[in-house]
Every structure is written in C-alpha cells, then in structure tokens.
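Labels below follow one simple rule: chain letters A, B, ... track the order of the sequence lines, proteins then strands, and each chain is numbered from 1.
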Amino acid sequence: MYDPKSVEEKWQAHWAENGTNEPDLDAAPSPFFNLMMFPYPSAEGLHVGNLYAFTGADFHGRFQRLRGRDVFEPIGFDAFGIHSENYALKVDVHPMDLIPRSIANFTRQLKRSGIMFDWSHTVDTTNPDYYRWTQWIFLQLYRAGLAVKKEAPVNWCPSCKTVLANEQVEDGKCERCGTEVGQRFLSQWFFRITEYVERLLKNLDWIDWSPSTLTAQRNWIGRSEGALLRFRLAGEREESLDVFTTRPDTIFGATFMVLAPEHPLVEELTSEDRRDEVETYRAAAADVDLVERRKTDDRKKTGVFTGGFAVNPATGEDIPVWIADYVLMEYGTGAIMAVPGHDQRDFEFARQFGLEILPVVAPAEVVDDASDPSTVILQLGDEAFVEHTEGERLINSGKFSGLPATEGAARIVEWLGERGLGEPKVNYRLHDWCISRQRYWGAPIPILYCDTCGTVPVPEEDLPVVLPHLEQFKPGDDGIAPLAKDESFYRATCPSCGGEARRETDVSDTFLDSTWYFLRYPSTDFDDRAIDPSRTDRWLPVDMYIGGEEHAVLHLLYSRFITMVLHDLGHVPFEEPYVRFRKHGLIIRDGAKMSKTKGNVVNPDEFIDRYGADTIRTYLMFLGPYQEGGDFRDSGIVGPQRFLSRVSDAIAAAVEAGATGFPDAVVERAVHQTISQVTEDFASLSFNTAIAALMELLNTLRAGGRVPTLDEIRPLVIMLGPIAPHLAEELWETLGGEPSLFDHASWPAFDPAKLTTDSVEIAVQVNGKLRATISLERGASEEAARAAALADEGVQRHMGNASIRKTIYVPDRLLNLVVG
RNA sequence: GCGAAAGUGGCGGAAUCGGUAGACGCGCCAGCCUUAGGAGCUGGUGGCCCGAGGGCCGUGGGGGUUCGAGUCCCCCCUUUCGCACCA
C-alpha cells in the first residue's frame, strides 16, 4: 500500500543527511547549473504558481542528473522591495521581523515539495552578506561611468510616496494601491543601459530562448531607424529644434511642429500673447502621469500654439510650433515634425486645429497617371495616407518628386546632411534605468556627498552600507526618503577629505538585487569576494533558466545588462548569463485566474498533506503543456494519485513474483518505445506527454492482470525519478538498488532495433477516405500493398467496377487508391 | 490600434516535415469484488443513422490548394497574453 507521507519524510531526511542534492562545486566533472527564478517570499506562503514553476524546473534538473550531469539547483529569496514593505506596513510588523518569518515558512514548504534544492547555497537579498555585493556592483558601474545622477520626470504615487517605474503604473494608477499617479522631477541615479542597447539587441540573435521572450525583448528595446533632422527657429534666433523621424521622405509635408509640453525650448518659443495659455496647458500636462499620457483610446488631441515658428529645412518655409501632450518628452527628442498627410495622429491634430495638410507621398498608380509628380494632388478622406511600401512615390517634394519613397528618404537625408541639417539616426524605446527608490526596504545606494569633494563612492572595504532598523520607515509625502530622517544613518565622514559628508538616502530598485543572484549562488561560501573566479568558470553561464514570462523584459534584460558590464570589467568570462531560457506557462484554476478575492487559491500545504508531494508534482506537470500552463481542477488529481499507487502495487507484485528478462516481445517493444518517447519529451519539457507515456506503459505492463518482470519495470522506476522522486527512491530500493536512485541509477537506454515490429498496419483509403486497415510486412512494396488492399472485401465494395487511376503509397503508413 | 499565441469529445488535453483525429487522464456507463465504500479490478465511452455488415458527419465559421487538411493559403469570428499617441 502506497503511503506518501512516510515515504516522503524518509527520503527527504535521507537526502538532507547524505547531501544528495549538494554537488561538489569545486570538483564536479559534469556541471549543470539548473536555475529557476527565485521567489519573493510573500507572507501568505508559497503559491501554487511558484510550485508549478519550480516543479517543472526540477523535472528538468532531475532528468539531467539521471543522465549523468552534476546538477546544481539552488534557490534563494528576493525579499527586498515594495511588496514586502507595503505588506509590513499593512500588518504593522517590521520587515526585518516579517521577512525572516516568511522565508522560514517558504523554506519549510519548499523542503517538503521534493525539489532538488541545494540548501547549502541559498541567497537572501536582504542579508547584508548579500547586498554588500549588490552595493559593490553599483560601485563597479559608478567607476565605469555607467551610474549617473540626473534629473528626470518620474511617475509619482502620492499614496505610496514613491517614484514608480512605468511598468508599475497601470491605467494611470499605481499598480499596488490604485491611486492616480502624477509626475515629478527628481534627481536620481540611473544606470546607462542604453550604452549597451545594440549588444543587448544583437545577442538576441543567438541566445537560445523561448521565441516569445525574445520577441518581447526586441519590442521593449524598440529599435527604429530613421533620421535626426534639424529645424532652425524662425527669425534671428540661434537655437534649432531637433526631431527624430522614421519618415524623412515626408519632410516636404511637415507643415507644423509639435513639442512635448516639458520641452526646454517651449519657454524660448512662446510669444507674449500666448504665454498664459501655454503655461496653463503645461501645468495641466504635469498633473497627468507618464502612462496616462500614452493612452490611445479615443482621447481627443489637445494642444496649444506657442506663437513661435521654425523653418522647414526642405521647403524653407516658416511653420508654426505647437505643444501637445501626445508628444512624449522621453521618446526621441521630445519634439516632432508633424506631417499630417502621413501620420494619423498629426492628421487628427491638424483637423482639430485647422492646420495645413499637405500630402507628399502617393501610391504608384496615382503618380504614374500624372505628367508632373511635383504637382500631384492626393485626396485624403478621413485618414492620413500612412502606408509605407516600395511602390509609393514622392509628390510635392521639389526635386525629389517622383522618387520611390524609400529611395527619397535616403536622398533627402543626404541632401540635408550636406547642409548640416540632418543625419541618419537609430532611435530606441529603451531608456536608461532609474534605480533610485525613495523607500526604506532596499539596499542603500553606497554614495556619499561631501561639500568639499562632491559625490564620493563608499570605499569597497567599507561595505556594506547597512540598512538601519528604522521604526518609522513609512515614506513621507514630501518625497524625502525614510533614511533621510535618520541622522545616525546619513551623517558620515568623507572618506576622501575626512570632513563631514551626507549619505545617499535613496535605496536601490529591487530589480538590481535580482540582476546577479545567480552569479552569487556558487560563491556563497566566500565572504571576501562577490563572484569566485574558479567556481564561476566551472558553473557559469547558467545551463538552463526557467521562469515566468512576466519577467521577459525587466529582470531578464537588466540581468543581461549587468552581466555584460561585469564581463567588460573583467569579473566574469561571458557576457550572456542565460544560454538557454524557457518560459513556463501560467496555472489557473477551473478556467479562471487564482486570486484571493475569488477564493480559489490552491494551498500547497493542504494538497501535500492530503495527497503527498509526488502526486501534486505529477498532477501539476500532467495537467497541460508546461510551457503553456494549465488548468488545475481538483477532480483531476486522483488520476496521478491512482497512477502512482498502481506503480507501487505493480512493483510489489513484480518483486514477489521475482521474474526477470523480457519474455514478451510486445511488452519489450513497449518498454523501448516508452524510453524513446519519454527521453524526447523530457528534453523538450513536454512533461505532460512524458507522464502519459509512462501511464500507458504501466497499462501495458499489467494488461489483463499480468505481473511485470523486474527487468520490464525497472526502467519505469528510473523514469519516474524526476516526476515522483520520493516514490521512485522507495521503489528503487525495493528493487534492490542502492540509494540514492539519483546517485546510482542512470537514465535507461533504448535499442532502436527494438522499437519496431516486422509487420505494420497500414491505412487503405479509396479516394481519400479510410476504408480498411491491412497488415503488411514492414517495408512492403507498393505492388504488394496494392494486391493486399484489393483483396480486402471492404475495399472491393467501395471500388465497385471503377478502375484505379492513381495510387499514392506512403510505405508502412498508408495506401490511397484514386479510382473513377 | 499594433504584436504574439491559441480555438479539437461532457472536461483537462494528445496528434502539426499534410498521411488511420481524439493518446493519457478526469467524468460517465456496465460488470466483478466487498458486510460496506467517495476503495480496488475488468470492459465500454465523439455525434447521428443502421438491415448489425456497416454508413454518414465531425478539430470556431466561410472559401481555397491537394489523391488526402486539425495541420498549408485567404477572409471572418472568439479568447488569452504582451505593447500601447514610439514620431
């Protein structure tokens, strides 16, 4: 009788006592770094989504282990950040007390779930032993000129009293508390990730990642090719307005310009009579957050005329300069040349304010019909003409009229370039990464400000800058960081001149903590260095990284960036941290997302108590394709439960009978076929079909009440290892194997010669419809197949008197007779 | 709006170099076993028709290519997930 509780406790104890899951990090001959995204240890405990993610990754890790690799499968806790801080405020427990409790609870839950973690190499990002090195990384970037302080518009949540990243704002509201978000300008630390943008993009061509994740990163980076064009201000002024455009071919149609309300030249351009209106508009725009500004849904275009003019460098004409909030300061140059004929937004704006619309590109047919392309008139309906294809031609564009648009773009840029008015330019959507947070629960940024010496980095030997235990850590509504209120923290001595200095009181973004945790895992034994070179050589880069797609753009991009920087600075010998990445899907329950409000959250403890970890593991991976997610239904869990119980019974019966060898050719073939398929499925993370194949094999082994021989069933036990490791260990021991299975068994091999039979069933179709199946010798000739088919009564009936016009024969599969 | 993926029995899902649709599991039905069982075992289970030999229909909808389409092409519908005034 299968009793999961005792079996699981027994083997968990065995693994812990024998260090089964702790590879020799200095000497393992075949290292395999199996990484999964470390969790944020929420106070609610392990979510079944975490368990799903880890279990799939563990299937893969155990599979590699059984195939002879020395698998290092560490885990840690990403415990800094707004989540924890807000929760701590809510329940009124200090995060320094709350987090250790949550971690202890997570650890307890993870240890009973059968995952092959090496508990001797964990990380906790809130531990000074860890964040000391996070601060060290900041200093490396600072020295390399990649960490800079600059003033920037930021999203500001008036409730959380903090700056939010764009991705923390949803529908203009704070992702956490739902408060409307506004804008503020603050001086903050930025990492210059844009310096690395080309490499970050280019390497996407060769790293082996889930395609959708690659696409997400490419889109996030948002590379677009175009030109930077210079518009002089009209009149006697010196200044000029730079714009980025992907359509320099349309410059003759630029009939006005639009600046972002925050653009620095607005002041200069605004005429006295327009000043009040401009100021009112700018003030209103500042009240709207950066994300709200981007909402497209039928928001009417708004804007005001500055009273100023610029000169279109192509036509030489003065064109009016407006400001409008549909132009974003953080993209391009914060200013656009408006071409209402060929941009839908500009078109709408022009309509709204009665500005001139001048089409300068037309479909080839329109131009071909005209004698002089420079005077062609393209009639526009309610939309701009925005197609951009090879066939279209320039019109109304001076000497460039008649040229294909693409060629025209290049020629125009060249022409403007000769006069210093333009150049080709690549623009990116990606921005520098603001890492400052005006919060408490994060790693302090290791910087000092000294009146004499200016900005001074904390010397490496003085790290860590320890986060003090602040009783009052709630952020203030003045934007002053909590640490700025703790004098004993911020008062310091300047390491350079010995005078008085003030510490930076912002803490760093949680995403910084997680950029390098995987680098730390193999090196947690060392407290005098972040990353041990020899351990790193042996274990990194990561062989397989599995995680959720929600981190496709932020964590994974930042982590790649930091790794590249560390590579350039000589700290690691590779520039891509994750050679292979696979996303896993999301698990839902009864067709709906799990959420506390719906009350449909699966509590892993409850299910493990009731069914055992092995059954939960099997069920989680059986309920759908791992990379696509699946639907957790309570009724379905009994399938895997019965399966494991039957395996257990079958082993007991086999041991009692004691038969060996492969007396039955059909069964022997099934064993080989299953090994072949399961091996393939495991390699491609198709765990659901691997489990199905093992179920099928078990059904074959005990079909009609037969008792399998020991040799027939042994491979099944080994293949069960990654799926139900506790039970597999137990059964392996029952079969006389030396524990642990993971040390002493190796993945079964199959004999290709034993996969097939001498005779095959082939389908016989008449005019494409299945009419019979016939048994043939493998590799039978078409003639033989046709003869056999024609002898079949059913086939004869369907052919009637008709004659065969054509025969399609797929050897060993199908014969199609086309008659008529 | 743009991008990506997906729509298959009562349900979760198999099968996509075009070649016997529905593996495996849940549920359901029948039988066995049992004092009993929310246990176990055996068999059955896409729909419709039937003369019991079979026949017809069937992978979101419509068209197409092909000897043959869940799979490829075109149009449409729906769902999920990204990104969203990106110049």
Side-chain angles (χ1 to χ4, degrees), chain A residues 1 167 211-213 215-216 218-220 222-224 226 243-247 250 258 291 293-299 301 324-328 330-339 342-346 348-349 427-430 549-550 552-553 585-586 588 590-591 593 618-619 622-625 628-640 642-643 645-646 649 677 686 688-699 702-705 761-773 793-794 797-798 805-810 812-820:
Chain A
M1 191 55 213
E167 46 281 351
S212 58
T213 313
T215 304
R218 285 198 183 95
N219 291 344
W220 191 259
R223 182 184 200 271
S224 59
V243 301
F244 172 74
T245 178
T246 53
R247 296 291 304 272
T250 63
V258 186
V291 173
R293 281 273 295 277
R294 299 174 174 185
K295 287 178 77 177
T296 50
D297 12 313
D298 55 43
R299 254 189 68 193
K301 294 281 180 291
D325 65 2
Y326 80 91
V327 175
L328 306 172
E330 78 270 14
Y331 186 79
T333 63
I336 62 159
M337 64 174 203
V339 185
H342 305 288
D343 181 284
Q344 190 59 26
R345 293 154 300 168
D346 298 345
E348 285 163 18
F349 193 80
N427 196 57
Y428 301 91
R429 213 188 74 120
L430 183 71
E549 182 125 71
E550 69 272 18
V553 290
L586 288 178
I588 55 176
D590 299 321
K593 271 184 192 164
T618 310
Y619 180 56
F622 181 63
L623 53 72
E628 282 159 45
D631 193 357
F632 190 103
R633 290 176 187 246
D634 295 5
S635 62
I637 201 167
V638 298
R642 289 173 190 158
F643 167 62
S645 169
R646 281 197 280 250
D649 291 349
Q677 197 195 325
S686 304
N688 56 332
T689 49
I691 294 166
L694 292 176
M695 288 174 166
E696 208 172 347
L697 176 62
L698 182 68
N699 291 343
R702 48 204 296 282
E761 291 278 299
I762 78 161
V764 180
Q765 298 179 336
V766 178
N767 288 340
K769 292 204 179 229
L770 180 70
R771 295 304 180 191
T773 56
E793 201 180 307
R797 181 152 31 85
H798 285 280
R805 282 192 186 161
K806 191 175 169 185
T807 308
I808 288 105
Y809 181 55
V810 183
D812 301 337
R813 295 218 65 159
L814 165 145
L815 176 73
N816 187 9
L817 302 171
V818 184
V819 303

Rounded to whole Å, the CG-C1' distance (N219(A) to A4(B)) equals 9 Å
The side chain to side chain donor-acceptor pair (under 3.5 Å) partners of D343(A) (sequence neighbours excluded) come to R345(A)
Interatomic distance at P, C77(B) relative to A23(B), whole Å | 34 Å
>> Under 4.0 Å, counting only non-hydrogen atoms across every strand here, what does R702(A) touch: a base, just sugar-phosphate, or nothing?
In response: sugar-phosphate
Taking for G334(A) and for L586(A) the nucleotide of RNA chain B with the nearest heavy atom, the one nearer the 5' end belongs to L586(A)
When you check the side-chain N and O atoms of N816(A) and Y809(A), is any donor under 3.5 Å from an acceptor?
no
Answer with base, sugar-phosphate or nothing: what part of the nucleic acid does R633(A) contact at a heavy-atom distance below 4.0 Å? sugar-phosphate
Per nearest nucleotide of RNA chain B, the residue lying toward the 5' end, G332(A) or I808(A), is I808(A)
Sorted by chain and residue number, the side chain to side chain donor-acceptor pair (under 3.5 Å) partners of R813(A) (sequence neighbours excluded) come out as none
Those residues at least two apart in sequence (or on a different chain) that pass salt bridge (Lys or Arg N to Asp or Glu O under 4.0 Å) with R646(A) are none
- Taking the C1' atom of each, how far is G46(B) from U20(B), in whole Å? 16 Å
Look at the aromatic rings of Y331(A) and F244(A) and report parallel, tilted or perpendicular, splitting at 30° and 60°. perpendicular
Applying ring-ring contact (aromatic ring centres under 6.0 Å, His included) to F632(A) and not counting sequence neighbours gives F607(A), Y619(A)
A correct 5'-to-3' footprint of nucleotides 20-32 of chain B, with B, S and - meaning base, sugar-phosphate only and no protein heavy atom under 4.0 Å, is B--BBSSS-----
Contacts of D812(A) meeting side chain to side chain donor-acceptor pair (under 3.5 Å) (sequence neighbours excluded), chain-then-number -> none
Per-residue pairing states of RNA chain B in dot-bracket (Watson-Crick or G-U under 3.5 Å; . unpaired, | other strand) read (((((((..(((......[....)))((((((.......))))))((((....))))..(((((..]....))))))))))))....
Applying salt bridge (Lys or Arg N to Asp or Glu O under 4.0 Å) to R218(A) and not counting sequence neighbours gives D205(A)
Residue set satisfying side chain to side chain donor-acceptor pair (under 3.5 Å) with N767(A), at least two apart, ordered chain then number -> none
- Integer angstrom distance from the P of A21(B) to that of U71(B): 13 Å
Next item on the list: Determine the Euclidean distance between corresponding P atoms of C26(B) and U35(B); express it in Å to zero decimal places.
Entry: 27 Å
